[in-house]
Engineer: 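I'd like to ask you about the structure that follows.
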There are 2 protein chains.
Amino acid sequence: MNELEKRQFEEMARISKALAHATRLYILHKLDEQEYCVKELTELIGADISTVSKHLTILKNAGIINDEKRGNCVYYRLICRCVLEMFSCMTGVIETNKSRMNDL
Amino acid sequence: MNELEKRQFEEMARISKALAHATRLYILHKLDEQEYCVKELTELIGADISTVSKHLTILKNAGIINDEKRGNCVYYRLICRCVLEMFSCMTGVIETNKSRMNDL
DNA sequence: TGCCTATTTGGCAAAATAGCCAAATACTGT
DNA sequence: ACAGTATTTGGCTATTTTGCCAAATAGGCA
């Protein structure tokens, strides 16, 4: 792994780390439907609002979502729906596993 | 997030957590070319062999790679190339970020 | 201004992850 | 059986991540 590769894979790891949490995947899933503010997501998730805010900050810093303040609220949105392709990739892995299980 | 959703997103998180490391992404990248044994990957990566072995175990437990013992060595292989679609997804996010940066 | 709601930040403790070393295990060839 | 190579496992410390609470910040409205 040379220096260039190292930088490239670390940059990709920044993205994949941001995705490495069930709550954050769920947030992306919801944001695919429509934008939501922190309060609304908090109710959907059922965790402390500060926890949700921190999850959102992680996704934002990874460049996956962005936010817009309107009045009292901060609304979050997907920047690029390409993240969601990863959902089908993950589902693909899971399904492959299940069918392998059945083969045993 | 109801119970079913919770289980689904936690299962996906199992996969995404396995990908959330530069070294493991690099391993997958190499395994896409050909199979490699632990020793060979260790040399490519430049870490302790026990560290590499543990990374491989994580990927294996996530159902992303499998192994085959031949003689003295254990060879690892991708189970399903669908993981690699995630590379292009991540690259997509990175590129989107870069062009957003340029727009500022 | 003062109060209310929404959000972020700081701080902390618990849990999870990473990476090394040393020891254990497994296979090869003598 | 023994020596040598490859791999995994156990144990340890250091680092990172998580999630809560409390406090700080910001906007809306009376």
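Residue numbers start from 1 in every chain, and the chains themselves are labelled A, B, ... in the order their sequence lines are given, proteins ahead of strands.
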Engineer: Output yes when at least one side-chain N/O atom of B:Y76 is less than 4.0 Å from OP1 or OP2 of D:dT8, else no.
Structural biologist: yes
Engineer: Counting just side-chain N and O atoms, does A:S53 come under 4.0 Å of either OP1 or OP2 of C:dT8?
Structural biologist: yes
Engineer: Write down the distance between CD1 (A:I27) and P (C:dT7), rounded to a whole number of angstrom.
Structural biologist: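 Taking atom P of C:dT7 as the reference, CD1 of A:I27 is at 13 Å.
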Engineer: What is the distance, rounded to the nearest whole Å, between atom CG of A:L41 and atom C1' of D:dG19?
Structural biologist: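 About 17 Å, once rounded to whole Å.
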Engineer: About how many Å separate CD1 of A:I65 and CD1 of A:I79, when rounded to the nearest 0.5 Å?
Structural biologist: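 Reported value, rounded in 0.5 Å steps: 8.0 Å.
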Engineer: Which whole-number value in Å describes the distance from A:I49 CD1 to C:dT8 P?
Structural biologist: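 To the nearest whole Å, that distance equals 8 Å.
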Engineer: Tell me the interatomic distance from B:I65, atom CD1, to D:dT7, atom P, rounded to whole angstroms.
Structural biologist: 13 Å
Engineer: I want to verify a distance call: between C:dA6, D:dT9, D:dG19, whose nearest atom is closest to the B:K54 side chain?
Structural biologist: D:dT9
Engineer: Please give me the minimum heavy-atom distance between B:A47 and B:T42, naming the atom from each residue.
Structural biologist: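 Smallest interatomic distance, heavy atoms only, reads O-CG2, 3.3 Å.
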Engineer: For B:S50, which contact category applies under a 4.0 Å heavy-atom criterion: base, sugar-phosphate, or nothing?
Structural biologist: base
Engineer: A:A20 or B:T57: which one's nearest nucleotide on DNA chain D is closer to the 5' end?
Structural biologist: B:T57
Engineer: Using whole Å, what does the distance between atom C1' of nucleotide C:dA18 and atom CD1 of B:I45 come to?
Structural biologist: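 After rounding, the gap between these two atoms is 14 Å.
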Engineer: Does B:K39 contact D:dG4 through a side-chain donor or acceptor facing the base, at a distance under 3.5 Å?
Structural biologist: no
Engineer: Any ion pair linking A:E5 and B:K30 (charged N to carboxylate O, less than 4.0 Å)?
Structural biologist: no
Engineer: Between A:H55 and D:dG19, does any side-chain N or O lie under 4.0 Å from OP1 or OP2?
Structural biologist: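 Yes, such a contact exists.
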Engineer: So that I can tick it off, tell me whether A:R14 and A:E10 are bridged by a salt bridge, with the cut-off set at under 4.0 angstrom between side-chain N and carboxylate O.
Structural biologist: no
Engineer: Between the protein and nucleotides 24-30 of chain C, list every N/O to N/O distance that falls short of 3.5 Å.
Structural biologist:
residue : atom : partner : partner atom : Å
C:dC27  : O2   : B:N72   : OD1          : 3.3

Engineer: Using a heavy-atom cut-off of under 4.0 Å over every strand shown, decide if A:Y75 touches base, sugar-phosphate, or nothing.
Structural biologist: nothing
Engineer: When the distance from CD of B:E68 to P of D:dT8 is rounded to whole Å, what number comes out?
Structural biologist: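 Answer to the nearest Å: 14 Å.
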Engineer: Mind calculating the distance between NZ (A:K17) and P (D:dT15) to the nearest angstrom?
Structural biologist: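 For the pair A:K17 NZ and D:dT15 P, the rounded distance is 15 Å.
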Engineer: When you check the phosphate oxygens OP1 and OP2 of C:dA18, does a side-chain N or O of B:T51 lie under 4.0 Å from one of them?
Structural biologist: no
Engineer: Is B:R7 salt-bridged to B:E11, cutoff N-O under 4.0 Å?
Structural biologist: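 Looking at B:E11 together with B:R7, the answer is no, because their closest N to O distance does not fall below 4.0 Å.
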Engineer: Would you call the rings of B:F87 and A:F9 parallel, tilted or perpendicular, where under 30° means parallel and over 60° means perpendicular?
Structural biologist: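 Perpendicular: the ring planes of B:F87 and A:F9 meet at over 60°.
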Engineer: Between A:D48 (CG) and C:dG11 (C1'), how many Å, whole number?
Structural biologist: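 About 14 Å, once rounded to whole Å.
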Engineer: Are A:I49 and A:L41 connected, step by step, through hydrophobic side chains (Ile, Leu, Val, Met, Phe, Trp, Tyr) whose heavy atoms are closer than 4.5 Å?
Structural biologist: yes
